[in-house]
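Each remark here refers to the structure printed beneath this line.
Bear in mind that the values here come from a model prediction, so they are computed numbers and not experimental data. Just so it is clear: chains get the letters A, B, ... in the order the sequence lines come, proteins before strands, and each one is counted from 1.
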Number of protein chains: 2
Amino acid sequence: MNALCSNTRMNRSSTILSKSPAEIASSEQIGLPHAPTFSPLYQQIKALITQSLEAGEWKPGAPIPSEVELAARYKVSQGTVRKAISVLAAENLLVRRQGKGTFVATHSEARAQFRFLRLLSEEGASTAYASHLLECRRLRAPAEIARPLELKPNEPVILIKRTLQFGELVAVFDEIWLPGNLFRGLTPERLAAYHGPLYGLFETEFGTRMIRASEKIRALAADAVVAAALRVAPGHPLLNVERVSYTYGDKPVEVRRGWYVTDTFYYQNDLS
Amino acid sequence: MNALCSNTRMNRSSTILSKSPAEIASSEQIGLPHAPTFSPLYQQIKALITQSLEAGEWKPGAPIPSEVELAARYKVSQGTVRKAISVLAAENLLVRRQGKGTFVATHSEARAQFRFLRLLSEEGASTAYASHLLECRRLRAPAEIARPLELKPNEPVILIKRTLQFGELVAVFDEIWLPGNLFRGLTPERLAAYHGPLYGLFETEFGTRMIRASEKIRALAADAVVAAALRVAPGHPLLNVERVSYTYGDKPVEVRRGWYVTDTFYYQNDLS
DNA sequence: TAGTGGTCTAGACCACCAT
DNA sequence: TGGTGGTCTAGACCACTAC
């Protein structure tokens, strides 16, 4: 029935977890013949670790238990735990440091700063920037925002408008939309007082960690409002970046529309 | 001295390869104290497999020897070969198919078609397109092309100009620069006769396989020439994509400048 | 049925880091 | 010195694909 049935070695079939992996593996179709739904042990362990991350059992930046400890906890071999952790590290949820331990990844780190901001100066350097808050208010979600956030129309959302300034140059204008219910204590004062990457604030103060994002990039002419914010002429060509960010379980938790001035900066992308 | 000295188990120190891994590992600094230059066995195996790929021992689309065979050939355990192959598969150089074997990745495959063309229609579909050759000639490399291709100024290069048409819409204008010495038999006739992805042609006919690429993306206004090719008004906002593609050993082998009409298409990018 | 890649284990040893 | 992650092995068994 469940995935573990095919694992016949004694220590396999006797696997007992606080939350049984059988419970996880069997949650998929039951009556379909010839649909094996085989789930490797390490993927089940990975799911358990992800649950602990999502539940906040280990905080961003903090170490998780050692591989030996986790192997004992889940009653599997160290190698199986290693494989699960390796996948999570490849997905940027965990960071392994030889000799020290495995840590929960965090956006409040120099390393991760530019993982979600691919704007580089002409010399190829990731430049420091300053954020300027223009607006932050709560409103009811318009349809085109509610849809990607998987909210009902008119549910509360937070709208943040800001610019990013690199040296003298205002290069980015952002409209950031967040589900109001997930970010209850987010006020203009709170935002203005915070310095650092927004995603760092979100994960430490609101328990919402951005895992991945998907961007749609276009070129368009600046309208009057955006042109004023970016100090360019209306009609100036701008890079338009529409991002949807996701947290655990592929749940969308942010819509971000950015307008980039790419006269002396460019959006960097590596294909591999 | 070399990296294998630290591997003391008998079957480790007795490792003998047709091309000794010691030779590879020892090619780095010798006199520097406290600089270990430890190179895991699987990375040395990976380098050997890469050499065979580069030398064309196994052709694109063809299977490489089984893990057991490679383990015997390199006199290491199957697990070590597995790890080396896993890394190469993660880098898209190999493709593993359970029950069938491991195959050399190829651009002449539906799977790989849109790995290097991230242009999607508004509905999110990767649409079929037709390529129209505008120009193909040999000339001496201008400085701004010679530099990224790591050629001497005035070395021969091939310049290809083309458009890509999605249904009725001409959405892409490309300028493609290739090292003349690597693509000797590349003629306009040859190009016009070929239908399919260019990178497929390059790997099957010229033995040059594109491994990865790096793109710089900007928004700019269409100039007269590009506007005419794309059937838009001069000044129309266009996405400008400057790509450098690399083959084995991070050797640059293509510079590509693209101009995309993003009124009904967009450039898709996933951050993770 | 035979061969492939995929999973899992157990144990040994290494490199790195803190103390 | 002891603990962490990293490498490597040997062997068993499983899932998938072909013949």
Closest-nucleotide 5' rank along DNA chain C - winner of Gly79(A) and Thr102(B):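 Closest to the 5' end, via its nearest nucleotide, is Thr102(B).
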Side-chain donor-acceptor contact under 3.5 Å, Ser245(A) with Tyr199(A):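 Checked: Ser245(A)/Tyr199(A) side chains pair up, N/O donor to acceptor below 3.5 Å.
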Donor-acceptor pair between Tyr267(B) and Glu215(B) side chains, under 3.5 angstrom: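 Glu215(B) and Tyr267(B) do have a side-chain donor-acceptor pair below 3.5 Å.
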Arg243(A) side chain to Phe116(A) backbone, donor-acceptor under 3.5 Å: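 Here the side-chain-to-backbone pair exists.
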Check: Tyr194(B) side chain, Pro197(B) main-chain N or O, donor-acceptor pair, under 3.5 Å: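 Judged by distance alone, yes, a pair lies under 3.5 Å.
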Neighbours of DNA chain D within residues 53-66 of chain B, by heavy-atom distance under 4.0 Å: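 Per residue number, the list is empty: none.
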Counting only side-chain N and O atoms of [X], is one of them less than 4.0 Å from OP1 or OP2 of [N]?
| X | N | result |
| --- | --- | --- |
| Thr80(B) | dC8(D) | no |
| Arg82(A) | dG6(D) | yes |
| Lys100(A) | dG3(D) | no |
| Ser77(A) | dA10(C) | no |
| Arg96(B) | dG6(C) | yes |
| Lys83(B) | dC8(D) | no |

Pro40(B), nearest nucleotide to its side chain (from dC8(D), dC8(C), dG6(C)):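 The answer is dC8(D).
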Of the listed nucleotides dA15(C), dG6(D), dT7(C), the one nearest the side chain of Tyr42(A):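 My answer, after comparing the listed nucleotides, is dT7(C).
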Length of the line joining [X]:[atom1] and [N]:[atom2], which is rounded to integer Å:
| X | N | atom1 | atom2 | value |
| --- | --- | --- | --- | --- |
| Leu94(A) | dT4(D) | CG | C1' | 15 Å |
| Glu67(B) | dA15(D) | CD | C1' | 14 Å |
| Ile45(B) | dT9(D) | CD1 | C1' | 13 Å |
| Arg97(A) | dA18(C) | CZ | C1' | 14 Å |

Sequence-distant partners of Glu150(B), salt bridge (Lys or Arg N to Asp or Glu O under 4.0 Å), two or more places apart: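 Applying salt bridge (Lys or Arg N to Asp or Glu O under 4.0 Å) to Glu150(B) gives none.
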Aromatic Phe103(A) / basic Arg97(A) pairing, under 6.0 angstrom, 45° off normal: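 Arg97(A) over Phe103(A) ring: yes.
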By side chain to side chain donor-acceptor pair (under 3.5 Å) - contacts of Arg256(B) (at least two apart):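 Result, side chain to side chain donor-acceptor pair (under 3.5 Å) vs Arg256(B): Glu254(B).
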